[in-house]
Amino acid sequence: MATKDPTAVERANLLNMAKLSIKGLIESALSFGRTLDSDYPPLQQFFVVMEHCLKHGLKVRKSFLSYNKTIWGPLELVEKLYPEAEEIGASVRDLPGLKTPLGRARAWLRLALMQKKMADYLRCLIIQRDLFSEFYEYHALMMEEEGAVIVGLLVGLNVIDANLCVKGEDLDSQVGVIDFSIYLKNEEDTGNKERNVQIAAILDQKNYVEELNRQLNSTVNSLHSRVDSLEKSNTKLIEELAIAKNNIIKLQEENHQLRNENKLILMKTQQHLEVTKVDVETELQTYKHSRQGLDEMYNDARRQLRDESQLRQDVENELSVQVSMKHEIELAMKLLEKDIHEKQDTLIGLRQQLEEVKAINIEMYQKLQGSEDGLKEKNEIIAQLEEKTNKITTAMRQLERRLQQSEKAQMEAEGEDEKFLQECLSQSDSLQRQISQKEKQLAQLETDWKIEKEWRQTLQEDLQKEKDALSHLRLETQQILSLKKEFLKLQDENQQLKKIYQEQEQALQELGNKLSESKLKIEDIKEANKALQGLVWLKDKEATHCKLCEKEFSLSKRKHHCRNCGEIFCNACSDNELPLPSSPKPVRVCDSCHALLIQRCSSNLP
């Protein structure tokens, strides 16, 4: 005979025990017909079997003081693999009575069963065997196929409703021993057990319905308070919406006003621009005509100068004595020509300046749409330019007069040779005066040019101000858009609150229906208990004061039925529990019944 592997035998035994415990727990829970407590024996045995299954093949971790071998380490991995398990881990760590890792693991198993997710959590561990191998040997139950079978069996526990109190239990010092007597059935005791189970189920259902009624009352009160708070918040939101609407209407009106003002300013600027364009065109035409007249005068002057030069040559042939004087006259004429050329250069510079000023004015008119102050200043600049052009025309006329004077001087020089020297001297003096006057004119032009620069700077500053005003208007429009978005968000939130309010009203209606059904069930159970016990069970509406202390019932002083006499008492007068013939478990009893029952028990004793 070939000997079997002892680890395989252990795995098979644990698998069979897990099957029996899970099957027995599901069958007993379905026949029991209520939520399971922590005192239920099949449930306790199930946790013991699961603890043995998880401990099988667990590696021993060495530390400085002792060897550590607990199942809390692999169970902690569930938080990393399954994010929904973080709540269980946090609640287990926050429990005050747990000091050992084994106690935390037991609390974790109980909470996972109440959540109906034990199979999901353990399936995550089995799938990640690389991480799981850090805690278990290769031959462990959870590393083999038996672990997957147990996880599949645990899915059936989702049918069970468990209500376990983890805070009060001493999970650190419990001894996990499997009780095999639960799984060995006796045919004689089955009938008695079934009867006792039925009676206990009826009483537990009654207690469960009472607790449900209390919980439903508390939930109804809480829902009423929530509805009140939601109504208050809804009214606040409606007021805020009204205020936001008023603000939006005001901003829209301001926006319309600003747009109308902008339109008016644009119309005015366009009109001014048209007027200025017409003026500039007329000025250009007049300037062209004057330029043509000046060119003709200049050509005539040059012709006359040529004629004079020829006359001078004739005079030199005749008057050899006065050659030196003629040379001086030629030098003076050259100076006059230079002065004329310089005047022409100044005229060209003035023309260029005029063109630049006109170009700048056109750009400024295009940029300054909506600024009346800029238009006025430009009109002033145009008037000044007109004055300058008038000055230039007067200067040109003076030049023409001087040219005529020079012609007359030359004619006199031809007629009178003796007085030529004196006339030349007088002409040189007049030329010097003219040069000084021209220098003065140049100084005036430079000052005018500086003034024009200052005007340009002021115009640029006005442009920047208007740009700032435009940016401010854009910011205001952006704020209006943001307010619109906030208004839309508030409308969506209002609709969501309305939906929540409707859903809560439906939930309240459903709770009212459930309460009416639970009250009907309570009355049926009370009638059944009266038939069983033969006692008169008082109604909650009939009792307004405690029978013993005669204090009025309220929210803090709750009503409690005595299971022996059926009367209603407060919590202080009915905080005793005794087993009765109708129920083997201890039941709430008033103080008077408690004293009578204790006297009967003491009298029955020998």
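This structure is a prediction, so every number in the text was calculated from the model and none was measured. All residue numbers in this chain count up from 1 along the given sequence.
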Which pair of non-hydrogen atoms, one from Ile126 and one from Gly147, has the smallest distance, and what is that distance?
-> CD1-O, 3.6 Å
Residue list, side-chain contact (heavy atoms from CB on, under 4.5 Å) with Lys80, at least two apart or on another chain | Leu77
Heavy-atom side-chain proximity of Leu154 to Met50 below 4.5 angstrom | yes
What closest approach, in Å, do Ala140 and Gly57 show between heavy atoms, and which atom pair accounts for it?
-> CB-CA, 3.7 Å
Point-to-point distance, once rounded to the nearest 0.5 Å, from CD of Gln496 to CD of Glu503 = 10.5 Å
Could you give the distance from NZ (Lys232) to CG (Asn234), rounded to the nearest 0.5 Å?
-> 13.5 Å
Ile26 vs Val159 side-chain heavy atoms within contact, under 4.5 Å = no
Could you walk me through whether Ile150 and Leu122 pass the side chain to side chain contact (heavy atoms under 4.5 Å, CB included) test, one step at a time?
-> CA-CA 10 Å; Ile150 290 169; Leu122 293 177; 6.0 Å; no
Please check if the side chain of Arg563 supplies one atom and the backbone of Val587 the other of a donor-acceptor pair under 3.5 Å.
-> no
For Gln252 and His256, test the side chains for any donor-to-acceptor distance below 3.5 angstrom and give the result as yes or no.
-> no
Can you tell me if NZ on Lys547 sees more than 12 non-hydrogen neighbours from other groups inside 6.0 Å?
-> no
Give me the ring orientation class for Tyr82 and Tyr121: parallel if the planes are under 30° apart, tilted from 30 to 60°, perpendicular past 60°.
-> perpendicular
State, yes or no, whether a side-chain contact exists between Phe46 and Ile22 at a heavy-atom distance under 4.5 Å.
-> yes
Shortest non-hydrogen contact from Asn576 to His594?
-> CB-CD2, 3.5 Å
Can any side-chain N or O of Arg123 pair as donor or acceptor with the backbone N or O of Val151 at less than 3.5 Å?
-> no
Provide the closest heavy-atom pair for Ser218 versus Gln215 in the form atom of the first, atom of the second, distance.
-> OG-O, 2.5 Å
Cut-off 3.5 Å, no hydrogens considered: what does the side-chain donor-acceptor table look like for residues 483-491, sequence neighbours left out?
none

Check the surroundings of atom CZ in Arg129: do more than 12 heavy atoms from other residues, nucleotides or ligands lie under 6.0 Å from it?
-> yes
So, Asn247 side chain and Ile243 main chain: donor-acceptor pair closer than 3.5 Å or not?
-> yes
If you take all heavy atoms of Leu95 and Ala107, which pair is closest and at what distance?
-> CD1-CB, 4.1 Å
Could you check if a side-chain atom of Arg110 sits within less than 4.5 angstrom of a side-chain atom of Phe47, using non-hydrogen atoms only?
-> yes
Rounded distance [0.5 Å steps], CZ in Phe569 versus NE2 in His561 | 10.0 Å
When rounded to the nearest 0.5 Å, the distance separating CG of Leu25 from CD1 of Ile160 is 4.0 Å
Side chains of Gln45 and Ser21 in contact at under 4.5 Å (non-hydrogen atoms) | no
Below 4.5 Å, heavy atoms only, C-beta onward: do Glu476 and Leu258 meet side chain to side chain?
-> yes
At what distance, to the nearest 0.5 angstrom, does SG of Cys124 lie from NZ of Lys117?
-> 10.5 Å
Ile480 and Ile248, any side-chain heavy atoms less than 4.5 Å apart | no
Can you tell me if Arg11 uses its side chain to pair, donor with acceptor, with the backbone of His56 under 3.5 Å?
-> no
Is any side-chain N of the basic residue among Glu79 and Arg93 closer than 4.0 Å to the acidic one's carboxylate O?
-> yes
How far apart are the C-alpha atoms of Met142 and Leu125, what are their side-chain angles, what is the distance that settles it, and do they pass the side chain to side chain contact (heavy atoms under 4.5 Å, CB included) test?
-> CA-CA 9 Å; Met142 301 303 291; Leu125 290 174; over 6 Å; no
Distance (rounded to the nearest 0.5 Å) between Gln128 CD and Ser133 OG | 10.5 Å
Taking the side chain as every heavy atom from C-beta outward, state whether Leu43 and Leu164 have any atom pair closer than 4.5 Å.
-> yes
I would like to know whether Leu14 and Met17 meet side chain to side chain contact (heavy atoms under 4.5 Å, CB included); could you show each step before the answer?
-> CA-CA 5 Å; Leu14 288 170; Met17 286 304 303; 5.5 Å; no
Cys562 and Cys590 have their tightest heavy-atom pair at SG-N, 3.3 Å
Given side chain to side chain contact (heavy atoms under 4.5 Å, CB included), test Thr477 with Leu473 step by step and report yes or no.
-> CA-CA 6 Å; Thr477 53; Leu473 289 169; 5.6 Å; no
